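Sequential numbering from 1 along the given sequence is applied to the chain's residues. Everything numeric in this text was worked out from a predicted model, so none of it was measured.
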Amino acid sequence: PVALLPAILCRNRSEAHNRLILLSNVGILGAAIARIPLDAVQAGAPFTFIFGPNLITVAGMLYDWRRRGRVHRVWIWGGLAMLASQLAMLAVMGTGWWHGFAEAMASLS
């Protein structure tokens, strides 16, 4: 979701738009990957949550580098923004105030 608004704003520039849409989709994969019921994944769930989706971003960077001879700036800046948001989530997801907030949000439904 970090890249969704920039993707909407860049819809006239197809190269940037397509990469931003892919980054936006990659950004929500962490939750799905963390829920895979495999013992190996569950043992390292926080790290899988971060590094799993980022491997797709790295694959996009490598594809651009091989195809275009350089990495598109969307991969660099969008990937860094996505990594920063993932690290921030990792830092707060075990804290008491986050659990209180999550329980309050869950009680709304």
Rounded to the nearest 0.5 Å, how far does [atom2] of [Y] lie from [atom1] of [X]?
X: W98; Y: M89; atom1: CH2; atom2: CE; answer: 8.5 Å
X: I21; Y: R11; atom1: CD1; atom2: CZ; answer: 10.5 Å
X: M82; Y: I56; atom1: CE; atom2: CD1; answer: 8.5 Å
X: L83; Y: N54; atom1: CG; atom2: CG; answer: 5.5 Å

Item to complete: Mind jotting down which residue pairs meet the side-chain hydrogen bond (donor to acceptor under 3.5 Å, both in side chains) criterion with at least one end in residues 56-65? Sequence neighbours excluded, please.
Response: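 Found R19-D64, D64-W75.
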
Response to the item:
Looking only at heavy atoms, the pair that brings L23 and G78 closest together is CD1-CA, 3.6 Å

Worksheet item: Taking side chain as C-beta onward, heavy atoms only, is I76 less than 4.5 Å from M61?
Response: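 I76 reaches M61 side chain to side chain.
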
Item to complete: For R68, check side-chain hydrogen bond (donor to acceptor under 3.5 Å, both in side chains) against everything at least two apart and list the hits.
Response: E15

Item to complete: Check the pair V26, L22 against side-chain contact (heavy atoms from CB on, under 4.5 Å), reporting the backbone distance first and the verdict last.
Response: CA-CA 6 Å; V26 165; L22 182 59; 4.3 Å; yes

Item to complete: Mark yes or no for whether H99, through its side chain, and M93, through its backbone, hold a donor-acceptor pair below 3.5 Å.
Response: yes

